[in-house]
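Some notes on the structure that comes next.
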Protein chains: 2
Amino acid sequence: MSGDEIPAALVKRLRAASGLSEQEIMAIHALPILVREYGAERAVVSEGQRAVECCLIVRGFCARSKTTSEGRRQILSIHIPGEIPDLMSLHLHVMDHDLRTLTPCTLGFVHHEALRLLYRRQPNLADLFWRDTLIDAAMFREWIVNVGQRPAPARLAHVMVELRERLKLIGRVEGSSFEMPLTQEQVGEALGITAVHANRVIKQLRQDGIVDLHRGRVDVLDETRLLELAGFDGRYLHQSPAL
Amino acid sequence: MSGDEIPAALVKRLRAASGLSEQEIMAIHALPILVREYGAERAVVSEGQRAVECCLIVRGFCARSKTTSEGRRQILSIHIPGEIPDLMSLHLHVMDHDLRTLTPCTLGFVHHEALRLLYRRQPNLADLFWRDTLIDAAMFREWIVNVGQRPAPARLAHVMVELRERLKLIGRVEGSSFEMPLTQEQVGEALGITAVHANRVIKQLRQDGIVDLHRGRVDVLDETRLLELAGFDGRYLHQSPAL
DNA sequence: ACGCGGTTCCAACAAAGGTTAAGGACAGCG
DNA sequence: CGCTGTCCTTAACCTTTGTTGGAACCGCGT
């Protein structure tokens with residue numbers, strides 16, 4: 001993979017969310033990025049650690065999670081190429097949650113210092129990165145609503161639709177099917193239910209002819225009913241640079 | 001209330017979380033703030049609105065919430081004097097959730113333009129406000145865990161302890177008792193349970209001699225058991241300017 | 001004092017989700 | 001080709017939470 005392709009998905013995503021000048025794109029491409037390969041299910045940064053760098057996902061899926069004192073794990077978000085899941089560590093140096101890979105991943109690491117330098121020189125990028133962390137927070141708010149107010153089948157549908165919307169941005173939806181590489185255990189951790197119940201819910205959505213989740217891949221069987229079930233309103237993704 | 005007292009709680013809070021220079025404090029005090037009085041249960045900004053100003057809580061309690069298409073409401077956070085609950089609107093101009101008062105409130109409004117001017121002149125304050133929104137996001141993450149993974153009694157205990165920690169920062173905890181002006185309906189909306197079940201849980205914690213929640217006020221009966229039940233680890237509040 | 005509206009509280013029943021335990025499918029590997 | 005481990009699947013039973021509907025309580029205004 002050539003040096004130029006590494007920030008490609010990042011640029012694509014930032015452009016969609018906020019707009020980007022030529023100069024800013026060049027500055028991003030000039031960022032010193034250290035690329036590392038990770039296997040599936042590996043810790044990238046963990047709660048309690050002091051971070052000195054941020055992690056750009058070049059290839060693969062990651063998830064952020066927290067574990068309670070009782071040992072129950074909650075997945076907070078799922079992340080795809082082009083995203084910087086731990087951008088928040090720029091100003092919150094000690095991690096309050098874990099970042100782990102779901103699949104084998106190619107990750108690009110950028111030192112906090114390099115990022116600070118970048119956005120001091122291109123002040124617009126500071127607002128833009130800030131905005132990116134605010135969209136992150138908006139997704140957490142919707143995740144709270146999902147886990148707090150929707151019945152389990154609607155929760156699953158909502159997570160699926162959100163993930164699909166974000167995959168669309170980077171051109172990773174093929175027809176009515178897209179990747180969602182979670183085990184049923186992890187689906188449960190994302191929805192705040194047990195793996196057994198996750199299985200029941202998946203099975204039901206399959207039997208109802210709405211969606212099929214199979215070996216890390218979602219097949220949408222009935223678009224209309226999926227959207228209706230999810231009760232999805234994408235405004236919280238703030239995808240138009242509308243301002 | 002004199003002009004100087006209005007940002008007092010804000011300064012106190014920012015100082016605790018990140019440290020603040022004399023010059024920065026003066027710049028904050030020079031901010032043009034329009035003060036308005038609100039009754040209880042009033043909308044401040046609503047989902048879908050374009051915000052052009054941010055709202056500093058001078059007196060009283062507010063809450064942020066979202067309502068699903070099915071009409072179920074979820075409270076996302078509770079806010080106290082010194083906080084700017086909609087700071088995110090600075091870069092996310094159309095609101096993705098509601099901000100309402102819980103009690104009668106004194107609110108100070110600052111135009112986005114004035115805030116931008118402030119942090120352009122004092123670049124440190126930009127990072128500081130950014131950091132503030134990141135702590136906001138960290139609280140959402142913990143709220144997800146609370147709603148997703150803890151049984152209802154632990155959820156209530158956790159919200160209580162978090163609120164108390166934040167009230168401590170602005171000197172609003174008197175002995176073993178502090179304000180939490182939510183109806184049982186609203187407690188339910190915060191915890192992702194119904195009002196009836198909220199009532200059951202409150203009753204149980206009272207009978208168990210752990211906490212009493214009564215007319216908008218919490219009395220801690222057994223500190224040790226409350227902390228144990230809440231499983232509270234305050235690191236996510238990022239209250240030390242440790243960096 | 002009286003009544004009004006919003007809380008708080010409660011009970012009986014229903015539904016959703018958790019727990020435990022166990023068999024079956026499937027991929028990777030020797 | 002069979003072994004191994006992980007994941008998926010299901011069933012039976014139990015606990016938590018939701019639903020409905022109604023009674024008691026409280027602050028407030030007249």
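Chain identifiers are assigned alphabetically (A, B, ...) following the order of the sequence lines, protein sequences preceding nucleic acid strands; residue numbering begins at 1 within each chain.
No hydrogens or angles considered: nothing links the side chains of A:Arg150 and B:Thr68 as a donor-acceptor pair under 3.5 Å. Counting only N and O atoms by type, the side chains of B:Glu37 and B:Thr106 include a donor and acceptor under 3.5 Å apart. With 3.5 Å as the limit, one finds no donor-acceptor pair spanning the side chains of B:His214 and B:Asp219. There is no side-chain donor-acceptor pair under 3.5 Å between A:Gln74 and B:Glu142. With no hydrogens or angles considered, no side-chain donor-acceptor pair links A:His93 and A:Arg50 at under 3.5 Å.
The side-chain heavy atoms of A:Ile170 and A:Pro81, taken from C-beta on, include a pair separated by under 4.5 Å. Looking at heavy atoms from C-beta onward, A:Ile33 lies out of side-chain contact with A:Phe109 at the 4.5 angstrom threshold. The shortest distance between side-chain heavy atoms of B:Asp132 and B:Arg13 falls below 4.5 Å. Within the 4.5 Å cutoff, the side chain of B:Arg42 has no heavy atoms near those of the B:Arg100 side chain.
Taking 4.0 angstrom as the limit, B:Lys203 places a side-chain polar atom (N or O) nearer than this to OP1 or OP2 of C:dC10.
Within the nucleic acid shown, B:Thr194 comes within 4.0 Å of at least one base atom, counting heavy atoms only. Note on A:Gly192: only backbone sugar-phosphate atoms sit closer than 4.0 angstrom, heavy atoms only; bases stay farther off.
B:Ser77 places no side-chain N or O within donor-acceptor distance of the main-chain N or O of B:Phe140, the cut-off being under 3.5 Å.
Interface residues of residues 140-162 of chain B facing DNA chain C, ordered by number: none; criterion, heavy-atom separation under 4.0 Å.
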- Note on the structure: Pairs under 3.5 Å (Watson-Crick or G-U), crossing ones as [ ], inter-strand ones as |: DNA chain D comes out as ||||||..||||||||||||||||||||||
Detail all sub-3.5 Å separations between protein N/O atoms and N/O atoms belonging to nucleotides 26-30 of chain C.
none

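Going from atom CZ of A:Arg217 over to atom C1' of D:dC8 covers 19 Å, rounded to whole Å. Atom pair A:His197:NE2 and D:dT16:P shows a separation of 16 Å (rounding to whole Å applied). Distance, A:Gln204 CD to D:dC8 P: 18 Å, rounded to whole Å. Per the geometry, CD1 belonging to A:Ile193 stands 13 Å off P belonging to C:dA16, to the nearest Å. Taking atom NE2 of residue A:His214 and atom C1' of nucleotide D:dC8, one finds them 10 Å apart after rounding to whole Å. The interatomic distance linking B:Leu182 (CG) with C:dG6 (C1') rounds to 16 Å, in whole Å. Put simply, CD1 on A:Ile202 is 7 Å from P on D:dC8, counting in whole angstrom units. If you take CG of B:Leu213 and P of C:dC9, they are 9 Å apart, rounded to a whole angstrom.
If you check C:dT8, D:dT10, D:dC7 against the side chain of A:Asn199, the one that comes closest is D:dT10. Here D:dT9 is the nucleotide among D:dG18, D:dC8, D:dT9 with the atom lying nearest to any side-chain atom of A:Arg206. Distances were taken from every side-chain heavy atom of B:Gln184 (C-beta onward) to each of C:dT8, D:dG18, C:dG17; the shortest belongs to C:dT8.
Positionally, the nearest nucleotide of DNA chain C for B:Glu185 lies more toward the 5' end than for the other of B:Val196 and B:Glu185.
The aromatic rings of A:His158 and A:Phe232 lie tilted to each other, with the angle between the two planes from 30° to 60°.
Electrostatic pairing of B:Arg235 and A:Glu47 counts as a salt bridge here, judged by a charged N lying under 4.0 Å from a carboxylate O.
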